[in-house]
Amino acid sequence: MARLTHTVTVAPLDRGWFEEAAGTLVDLLDGSRARADGSVLLADGRAVAGLRLLKGRHLRAGARYGETPEPVKPGADGRVPAPGPSATVGAVVLRAWRPAHSVEVESRVAEDGLALRLKVRLSEPRRPRALGLSLSGHRPAGGSLYRFSGRGAADLAAWWAAVDRLPSALPAARPPVTARAAHRLAKARLTVTPHPADDGSWRISVVLSVRGRWLLRPVGAVALFFARRPVERGFREAVEKAAAQWNTALAELTPRHGEALRAEIADALTETEPDKTVPGGPADAGGPTDPWGPADTGGPEAR
């Protein structure tokens, strides 16, 4: 078994701001509605960019959402070309929307012959307490070597408790963030444990354990013996890159509160890319036909 560890220092995230932002986002979405054309509008009438209700009732279990489809230009013969074999086909299905309890979504994507299925569950979304996810993938035309699965969990309550300790205290006994992955030839486990530093920053310890399975176990041990240094270097670089991205994101963040925060999140939800239109917006002329059929919105003001 290979065990890789590395510790980095990152800027701390303010818990109060994080929970306020999460609650504001949930409230904005909970107050949204779907139009008959599938576009999703916030309470102020602006359309959520890139989001369209494809099937079902808005914010009800079973509702299917996807990105706003781009108009497809016909070819020289006047026919609309079919998607190529590498085209991405996917949608997000809402499994549960209970803002006071939990939100669950499931995403299925097919790309380059690989089918992926991702499930995400957020407990107490207005003040996030725990996040769980599961991922599975396979190549329909392949065998067991093309199958993999994984699970991850983030106990946010345990995370905040860990970073609220004194710098001189021992780290948390159980890591708040864990992830496991399984393949026919190997298994892996990742843990992330935070600890406060003297200057108020967070010290994040990341541990990755990989174990070969079946005949790969002795072969992997030999390969790791000769390639351990490059593997360790790659692991450290990946962890440090993630830490740098986190620090950059927080440095660019201007914490706002109350109505200013609400306006900022609403603007981010409705912001569109140049030369793109949003269904329901002033430049929308109806768009292409929805391949899933018309959404059952229960009327233009459905909820």
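Not measured: the values here are computed from a predicted model. Side-chain atoms are counted along with the backbone in the values below, which use heavy atoms only and exclude waters and symmetry mates.
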Are Asp37 and Arg52 ion-paired here, with the side-chain N under 4.0 Å from a carboxylate O?
no
So, Arg108 and Glu106, do they make that salt bridge, N to O below 4.0 Å?
yes
Any side-chain donor paired with an acceptor under 3.5 Å for His6 and Glu240?
yes
Do the side-chain N and O atoms of Arg189 and Thr191 include a donor-acceptor pair separated by under 3.5 angstrom?
no
More than 12 heavy atoms of other groups within 6.0 Å of Arg129 CZ
no
Using a 3.5 Å distance criterion without hydrogens, assess whether the side chain of Ser39 forms a donor-acceptor pair with backbone atoms of Arg35.
no
Test your reading of the model: is there a side-chain donor-acceptor pair from Asn247 to the backbone of Ala243, 3.5 Å cut-off?
yes
Check the pair Thr5 / Val206 against side-chain contact (heavy atoms from CB on, under 4.5 Å), numbers first and verdict last.
CA-CA 6 Å; Thr5 65; Val206 184; over 6 Å; no
Suppose the criterion is ring pair (Phe, Tyr, Trp, His ring centres under 6.0 Å): which pairs have a residue in residues 115-134, not counting sequence neighbours?
none
Residues Phe18, Arg127; criterion side-chain contact (heavy atoms from CB on, under 4.5 Å); working and verdict
CA-CA 9 Å; Phe18 170 74; Arg127 292 187 64 184; over 6 Å; no
[atom1]-[atom2] distance between [X] and [Y], expressed to the nearest 0.5 angstrom:
X: Arg46; Y: Glu271; atom1: CZ; atom2: CD; result: 10.5 Å
X: Arg121; Y: Ser102; atom1: CZ; atom2: OG; result: 4.0 Å
X: Asp27; Y: Leu42; atom1: CG; atom2: CG; result: 12.0 Å
X: Trp97; Y: His58; atom1: CH2; atom2: NE2; result: 8.0 Å
X: Leu133; Y: Leu122; atom1: CG; atom2: CG; result: 11.0 Å
X: Leu269; Y: Leu29; atom1: CG; atom2: CG; result: 6.0 Å

Report the residues that fulfil salt bridge (Lys or Arg N to Asp or Glu O under 4.0 Å) with [X], sequence neighbours left out, ordered by chain and then residue number.
X: Arg174; value: none
X: Arg236; value: none
X: Asp14; value: none

Pairs of donor and acceptor atoms involving the side chains of residues 249-266, under 3.5 Å and at least two apart or interchain, shall be tabulated with distances.
from	atom 1	to	atom 2	distance (Å)
Arg256	NH1	Glu264	OE2	2.8
His257	ND1	Glu20	OE1	2.6

Pairwise side-chain hydrogen bond (donor to acceptor under 3.5 Å, both in side chains) hits with a residue in residues 162-171, at least two apart:
none
Summary of side-chain hydrogen bond (donor to acceptor under 3.5 Å, both in side chains) pairs that have at least one residue in residues 196-205, sequence neighbours excluded
Thr7-Ser205, Thr9-Arg203, Asp199-Ser201
Residues in side chain to side chain contact (heavy atoms under 4.5 Å, CB included) with [X], at least two apart?
X: Ala96; value: Arg98, Glu104
X: Tyr146; value: Arg139
X: Glu237; value: Arg233

Show me the donor-acceptor pairs, under 3.5 Å and distance only, between side chains in residues 148-156 and residues at least two apart or in other chains.
from	atom 1	to	atom 2	distance (Å)
Asp155	OD1	Ala157	N	3.3
Asp155	OD1	Ala158	N	3.1

Least distance between heavy atoms, Pro167 atom then Ala197 atom:
CG-O, 3.7 Å
Here the pair of heavy atoms bringing Phe235 nearest to Leu208 is CE1-CB, 3.6 Å
Yes or no on side-chain contact (heavy atoms from CB on, under 4.5 Å) for Leu54 and Tyr65, after CA distance, side-chain angles and deciding distance?
CA-CA 5 Å; Leu54 303 178; Tyr65 298 88; 5.8 Å; no
Taking side chain to side chain donor-acceptor pair (under 3.5 Å) as the definition, give me every residue that meets it alongside Arg180, ordered by chain and number, with sequence neighbours left out.
none
Min side-chain heavy-atom separation Leu94-Leu59 under 4.5 Å
yes
